[in-house]
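Below, chain A is the first sequence line, B the second, and so on; all start at residue 1.
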Number of protein chains: 2
Amino acid sequence: MSDRPRRRIPEATVERLPEYLRILSELDDDLDHISSEQLADLAGVNAAKVRKDLSYLGSYGTRGVGYEVAYLVFQVRRELGLTHDWPVIIVGAGNLGQALANYAGFVDRGFPVAGIVDVDPAKIGSVIGGVRVRHVDELATLVRSRKVSIGVVATPPGAAQDAADLLVGAGVTSILNFAPTVLSVPRDVSVRKVDLAVELQILGFHEQRRSVPSLSIVLDADSSRTASA
Amino acid sequence: MSDRPRRRIPEATVERLPEYLRILSELDDDLDHISSEQLADLAGVNAAKVRKDLSYLGSYGTRGVGYEVAYLVFQVRRELGLTHDWPVIIVGAGNLGQALANYAGFVDRGFPVAGIVDVDPAKIGSVIGGVRVRHVDELATLVRSRKVSIGVVATPPGAAQDAADLLVGAGVTSILNFAPTVLSVPRDVSVRKVDLAVELQILGFHEQRRSVPSLSIVLDADSSRTASA
DNA sequence: CCGAGTTCGTGAATGTGTGCACAAGCGCGT
DNA sequence: ACGCGCTTGTGCACACATTCACGAACTCGG
Ligand SMILES: NC(=O)c1ccc[n+]([C@@H]2O[C@H](COP(=O)([O-])OP(=O)(O)OC[C@H]3O[C@@H](n4cnc5c(N)ncnc54)[C@H](O)[C@@H]3O)[C@@H](O)[C@H]2O)c1
Ligand SMILES: NC(=O)c1ccc[n+]([C@@H]2O[C@H](COP(=O)([O-])OP(=O)(O)OC[C@H]3O[C@@H](n4cnc5c(N)ncnc54)[C@H](O)[C@@H]3O)[C@@H](O)[C@H]2O)c1
C-alpha cells in the first residue's frame, strides 16, 4: 500500500482510464465487484485491454472474482491524480467559454472553474456558472492566488497564442486548446487540442468512403474509434 | 487524374489531414508552394510524417520544389470528401448545442447546421445561429428531407442513447457524441466521442506526474500529443 | 479437501505508427 | 548540357498498441 511502483503508464491507457473511472463511479452501489469483461462491455472495448490497462496500476483484481469496485475507483483516481481538485481557468467568455463555465460536469469530476477572463468590457463583471468574468489582466493574479495549473483557451483563433503565452507566463503548465490553432509552448508545458471541426471532417471521410464501395473490401468497419452494439 | 488508386489511408493520417488542410487554407495567397518541412513546422509535427501522410493521397509533390498549395488543398479536400457540404443535425439545444449552432467555423469548413432539435418546449421555436429549434419528433423528417448523414448528440447523458437511436433510425450513419456515455449503435454507424472532462483528466495525470519526479527520468516530455515551440 | 468453474495477469504474436536516412527526381545557373 | 542543391517518396528499423491464449489463483459445492 505504501510503496508505489510508479511504472510508466502507456499514453493509450491514460486516455482510457478516465472512461473506466466514469463508468465505475456510475455503477449501482450494490454491485461491489466487477469483472474485466463486464467493464469492457460497458466501455465498448476488449476485455484483455481492460485487464492490461488496469495491470499497469498494480494487481488490484482477484482471480475468479473480479475487481472490487470501490477499491478500483480509489486506485484509478489516485493514479490520475484526482486525490485533490485541479482548479481550471478559462480564457475567453464567448459561446464556448460560457458553455464550459456553466457545465457542472467539470466540478463533478474534480475540475472546478477557478476563474474566467475576457477582454470584452461587455462581458467583464457578468457571472457565469457562479463565477464572475474578470479582465484578462487579472489572469496572472488569479492563477497564482488560486494555484491554478490548468488553463483552457476558448478565444478566437487569432488570440489563442496570446492567451497561451499569458497562461504560461503566469505559471500554468497544462493547456486545453479549443481554438483551431497550433500553439507554441515551452517543452515542459502539456497541450491538448480539441477541434470539433476536425472531428466532423474525420466522420465525413468515413462517410464518403462508405458511399464509394472500394473495389477490394466493401465495408472496412473502423473498429478503432467506433463503439458497436 | 481520372484514376483513383483508393488505397487504404491509416487512421492516424486521417486524423491529421484536417489539420494540414486548415493550415494550407490559411496560408498567404502569394505562397504558391510549400515544403514538407514548412508544413510540418506549422502543424507541429515531423516532416517525414507529413510526407508519408501526403504520399497516401498520391505523388502530388515535386522534388526540389515542394507541394503546390492550391493543388494540395484540392487533393486533401477530395480525399476527405469535402467536395460537397455535409449537413449536420444537432440534438439538444442546451449550453453546448447552442454554442455549436452559433459557431461559424462549422459551415466554413463544410458542415452547415441543417437542423437543431430539442424536447424542451421553452427552447423550441427559438432561433440559434440562423436555425430554428424544432421538436425532436421532427428529427426523422429533417434528416430525410435535408439528406443529413451526420448527427451531433448534445443532450444530457441520460438522453444520449435515445438521441442516438433516433438518429440511427432516421438514417444517420455518423455520430459525434458530446455526452459522457458509451453509445450502442449498429456496426455500420461511426461514432466519435468528445469528452471534455476526459481531456482535463489526462492533463491532470501528467500534471501530477510532473510534481512527483519519478526516480528514473525527471521529465518524460510527452511528445505524442504536445506541441512545442 | 478436492475438483469444477471462473477470472486475473501477462508472455508472445500480430498490427499500427513513427522517424531516420537516402536514392531518385526536379529546377536553376552556368 | 551538366552539375549542384534542394526536396520528395519510401524502405527499414524501431516503438507502441492490441489481442490472443493460457497458467495461476481464487470461490464454491460437495
Ligand atoms: N462555439 C463553438 O461551438 C466552437 C466550436 C469549435 C471551436 N470553437 C473555437 O473556440 C473558440 C471560441 O469560440 P466561441 O464561439 O466561444 O467564440 P466567441 O467569439 O463567442 O468568444 C470568444 C471570446 O474570447 C474573447 N477574447 C478575444 N480575445 C481575447 C483575448 N486576447 N483574451 C481573452 N479573451 C479574448 C472575446 O471577447 C469573446 O468573448 C474559437 O477559437 C472557436 O474557433 C468554438
Ligand atoms: N456545456 C458544456 O460545456 C459541456 C462540456 C462537456 C460535456 N458536455 C455534455 O454535453 C451535453 C450537453 O450539455 P449542455 O451543457 O448543453 O446541457 P444542457 O442541459 O444545457 O442542454 C441539454 C439539452 O438537451 C435537451 N434534451 C434533453 N433530453 C433530450 C432528448 N431526449 N432529445 C432532445 N433534446 C433533449 C434539453 O432540453 C436541453 O436543452 C451533456 O451530456 C454534457 O454532459 C457539456
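- Computed from coordinates, the L57(A) CG to dC8(C) C1' distance equals 14 Å when rounded to whole Å.
- A straight line from CZ of R63(A) to P of dC26(D) spans 7 Å, rounded to a whole angstrom.
- Nucleotide dT7(D) holds its P atom 12 Å from the CG atom of D41(B), rounded to whole Å.
- Heavy-atom nearest nucleotides on DNA chain D were determined for R51(A) and for E37(B), and the one closer to the 5' end corresponds to E37(B).
- Between the side chain of Q161(B) and the main chain of S184(B), a donor-acceptor pair closer than 3.5 Å is present.
- A rotation axis mapping the C1' atoms of four pairs onto the next four is fitted at both ends of the helix from dC1(C)-dG30(D) to dT30(C)-dA1(D) over five pairs, and the angle between these axes is 0° to 10 degrees.
- Atom pair D32(B):CG and dG27(C):P shows a separation of 13 Å (rounding to whole Å applied).
- Regarding D53(B), its CG atom lies at a distance of 13 Å from the P atom of dT8(D), rounded to whole Å.
- As a whole-Å value, the separation of Q38(B) CD from dC6(D) P is 14 Å.
- Of the candidate nucleotides dT18(C), dT19(D), dG27(C), dT19(D) has the atom lying nearest to any side-chain atom of N46(A).
- Between Y67(B) and dC26(C), a side-chain N or O to OP1/OP2 separation shorter than 4.0 Å is absent.
- In this model, the phosphate group of dA15(D) is not approached by any side-chain N or O of R8(A) to a distance below 4.0 Å at OP1 or OP2.
- Closest to the side chain of S35(B), from the set dG17(C), dG9(C), dT7(D), is dT7(D).
- Heavy-atom minimum distance, T155(A) versus A163(A): CG2-CB, 4.2 Å.
- A donor-acceptor contact shorter than 3.5 Å links the side chain of W86(A) to the backbone of G81(A).
- Side chain of N177(B) to main chain of A179(B): a donor-acceptor pair is present (N/O by atom type, distance under 3.5 Å, no hydrogens or angles).
- Comparing A48(B) and G64(A) by the nucleotide of DNA chain D whose heavy atom lies nearest to each, the residue mapping closer to the 5' end is A48(B).
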Scan the side chains in residues 40-51 of chain B for donor-acceptor partners under 3.5 Å anywhere in the protein, sequence neighbours excluded, and list what turns up.
from, atom 1, to, atom 2, distance (Å)
N46(B), OD1, A48(B), N, 2.6
N46(B), OD1, K49(B), N, 3.4
R51(B), NH1, S36(B), OG, 3.0

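- If you take CD1 of I9(B) and P of dG17(C), they are 12 Å apart, rounded to a whole angstrom.
- Taking the six-membered ring for Trp and thresholds of 30 and 60 degrees, F74(B) and Y71(B) have nearly parallel ring planes, at less than 30 degrees apart.
- We find that OH of Y56(A) is positioned 11 Å from P of dC16(D), with the value rounded to whole Å.
- The main-chain N or O of Q38(B) is found under 3.5 Å from a side-chain atom of S35(B) such that the two form a donor-acceptor pair.
- Phosphate proximity of dC8(C) to S36(A): present, with a side-chain N or O under 4.0 Å from OP1 or OP2.
- Ranked by how close their nearest DNA chain C nucleotide is to the 5' end, G61(A) and K52(A) are led by G61(A).
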